[in-house]
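Each remark here refers to the structure printed beneath this line.
Per chain, numbering begins at 1; letters A, B, ... match sequence-line order. Any value given below was found using the heavy atoms of this structure, including those in side chains, with hydrogens, waters and symmetry copies removed.
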Amino acid sequence: MEDDLMSRFKSLIVVVMAVQIPLAWATVTYAVGTCEPKLTSFTSIQGALNATPSPSVVRVCPGTYYEQVVIGTQVTLEGISADNSTQAIIAVPSSGLKVSATNDLGQPMAAQVFVQSSGQVDLTNLAVDGTFNNVTASNVNVVGVFFLNSPGTLSQLKILNQSGNGKGTGIWLQGGIPAPSVTVENSSLQNFDYAGIVAETNSNLYELSATIKGNYVAGTSNNNSTGIELLSGLTASISDNLIAGSGAGIQISGGKSSISKNTIDSVPVGIDVETDGVSVTSNTIYSAFNGSGIGIIANSTVAPVTGNTVAQFPIGILLYCNADTNVHSNTILDAVIALYEVPGDSMGTNKYYNVGTINGGGC
Amino acid sequence: MRGQKQMSRIKSLLFLLGVAAQVPLASGANITHVVGNCKGFPGLPTISAALTTTPPPTVVEVCPGTYPEQIQITTPVTLEGITANNSTQAIITVPPGGLVVNTTDGFGDSLAVQIWVDNVNGKVDLTNLIVDGTGNGISGSNWAVGVLYQNSSGTMNHLTTQNQNLTTAATGVGVWLDGGSINPSVTLENSNIQAFDDTGVLATGSSTSEISATVKGNYITGNPAGSVYGIRFGQGVSASVTDNLITGFGASLWIGIFADFGSGEEGSISNNTLDSPSFGILAYADGVSVSSNRIYNASTSIDVASSVAPVTNNVISMYGGISSDAVGIDFECLAGNNVHSNTITGGFYGLYKVPTATVTTNIYNNVATIRSGGC
């Protein structure tokens, strides 16, 4: 009888252990706002992120949250639907934005959401609005989301109004060791006055893998902002984005990248290639600006520039007396000069329609 | 004897060659004229001169250059700009003194048309040409039109129309497709329609004159000083509008695509990209589906005044900050379950003026108010 009791007691211990094992690995979910009363709820996003135990998921109720957010551990931060709304806005505190980090170029960063985590950080369905950021110093980057050496996915974000001092950027991705992978997809970046997205690593190695796809990136129409800027030390895939603005659509000065199937609308310079490690294929580039502008700057003898459609530019493709037959199979419509500064006779085969001068400018 | 045989064979050969050369001419062989002097021999000085020769040409090749003339086409022909001397730019411009009214539409409006394809029994194809309306001088209620296909079929490819603007009553149209008794079929593709002050591409018919219009792969941008419609079509039009980029970014475009009210109207609006018009798509025709379009940064992305027209699988992205007042889909208290499966991001209202009984499932992100009723 005693043995039987002991046996049942041992079984109970096993059951209790079985219950405890999942608890050790359980998801810790908090809410921000009042729309999820069954969850532990906080009034601010930062309050939820700082709670113990650390959350694995933070669900943000519709509302406006005036705070600068810092994320240091693996987490999913997501705006949720409630009360006929699905709009969680991270807005600037009443005192304006403060510098919250420094990037690897030594520049101060006033970031609205600053992520520095070795674990995956996913941001979903959030708006980050930089209105009234109150940053006037010309050396401070005003940034919607700053991913510093952190892996993660940014999806369905609205990043807007990072502007005012000429250094406003929607999303800034910085790599490092161990070379994180970051995806920015299906998001909208608007009204920035420096760049929509910057990706870089201050390294000669490839210490960041960036995938940027399916986004709408639109600067204001009266400044020289760049849609997507790729600096050095990274690999990148840029595809299926719609980019509009008044500076360059996509500018690549380093790294190893694939730029494909993007639509670039109404920019003075569509794609600016200043490095060998990039392919530019099957993009569609239009300009509504008459009088100045270049569809593609191909400043490389190696980078393939093929299958693109370029329309309505004074200069279709600028070869800079450098590129040659790596530029081919493009369609150029409505240009004053289709190809400019073509070295020697080494011009690739392209299609030309309504072009004043097919091959212009000597080298 | 041998010499006679040889002569006989030569005569036979010449006869055969002569017959062979004549037969195609008698049965409508290609007659090609060149306009301009780019082919090493003197061509005709104007496009109109080439088109009015007898017999009428089947192909008119236009050398790079500028041709200040209003053109009327009355017979089937291919009119194409060609490449020569490092250029491929044939520009049809406004004659000195401006455009003159040369036809009317079905409503009696006076039209001053730069290329008028006039009731042609057969196809007229236009390729690789620029039609520039600068200096059109149009005033009053007259219309300035880049290209008018009137009761005529054909294809326009790699065409540019521009500057059908600065008319006193904002009556500039890039390309106008007008139906008629032959129920024509017209395609406009891979073209650049810009700087018009009323409509980029207009298709019109009536209860008795229908037209089939295919508008695909074009770039359509408004006038910096303001434009009304990117693409508009109405009664009697069967339209396929696909894969166009229509933009008001940095310009001003009131409505991207307008499927107007009207009987006998059918077709589809699909896979277009619209950037920054005030209104993206107005779906007012029961027979026209609106699907898989991407609409960015509009004040109202889709306005639906039909309880029938399917409005599905569109992706809408609106300005979505703390001051947004944009509307994703306006049901106008008329649409209902025909609207579903769209993705709506940003904006103040996802769905606006939705009839109470409507059941509609869409995906919403960053939307301040998902659904507003009031009907």
- Matching residue for B:Asp275 among A:Ile243, A:Leu242, A:Thr263 - test: side chain to side chain contact (heavy atoms under 4.5 Å, CB included):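 One option only clears the test, and that one is A:Leu242.
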
- Query: Considering the options B:Thr247, B:Ile220, B:Leu245, B:Thr221, which one meets the side chain to side chain contact (heavy atoms under 4.5 Å, CB included) requirement together with A:Tyr286?
  - Reply: B:Leu245

- Query: Relative to chain A, which segment of B:Asn85 carries a heavy atom at a distance below 4.5 Å: side chain, backbone, both, or neither?
  - Reply: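 Contact with chain A involves no heavy atom of B:Asn85 at all.
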
- Item | Contact class of B:Thr83 relative to chain A, heavy atoms under 4.5 angstrom | side chain

- Message: If we ignore hydrogens and angles and just use 3.5 Å, is the side chain of A:Asn354 paired with the main-chain N or O of B:His158 as donor and acceptor?
- Response: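 Yes.
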
- Item | Side chain A:Ser85, main chain B:Val367, donor-acceptor under 3.5 Å |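 At least one qualifying donor-acceptor pair exists.
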
Quick check: closest heavy atoms across [X] and [Y], and the distance to 0.1 Å?
X: A:Gln87; Y: B:Gly347; result: NE2-O, 3.8 Å
X: B:Ser317; Y: A:Lys158; result: OG-NZ, 2.9 Å
X: A:Gln190; Y: B:Met318; result: OE1-O, 4.1 Å
X: A:Ala218; Y: B:Phe249; result: CB-CE1, 4.0 Å

- When only heavy atoms count and the cut-off is under 4.5 Å, which of residues 358-366 of chain B reach chain A?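 Counting heavy atoms that sit under 4.5 Å from chain A, the residues of residues 358-366 of chain B involved are B:Tyr364, B:Asn365, B:Asn366.
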
Select one option (side chain, backbone, both, neither) describing which atoms of [X] are under 4.5 Å from chain B's heavy atoms.
X: A:Asn359; value: both
X: A:Ala88; value: backbone
X: A:Ala335; value: backbone
X: A:Asn191; value: side chain

- Query: Can you list every salt bridge (Lys or Arg N to Asp or Glu O under 4.0 Å) pair that touches residues 156-165 of chain B, not counting sequence neighbours?
  - Reply: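 Qualifying pairs, neighbours excluded: none.
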
- Query: In this structure, are over 12 heavy atoms from other groups packed under 6.0 Å from B:Asp243 atom CG?
  - Reply: yes

- Task: Heavy-atom pairs under 4.5 Å with chain A are the metric here; pick the option from B:Pro64, B:Gly81, B:Ser87, B:Ala90 that has the most.
- Result: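 Maximum pair count with chain A is reached by B:Ser87.
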
- Picking from A:Val128, A:Thr357, A:Ile159, A:Ile337, which has the most non-hydrogen pairs under 4.5 angstrom with chain B?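 Most heavy-atom pairs within the cutoff with chain B belong to A:Thr357.
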
- Query: Does any non-hydrogen side-chain atom of B:Asn128 lie less than 4.5 Å from one of A:Tyr352?
  - Reply: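 Sidechains of B:Asn128 and A:Tyr352: no contact.
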
- Message: Under 3.5 Å, is there a donor on one side chain and an acceptor on the other for B:Tyr319 and A:Asn161?
- Response: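 Present: a donor and an acceptor within the cut-off.
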
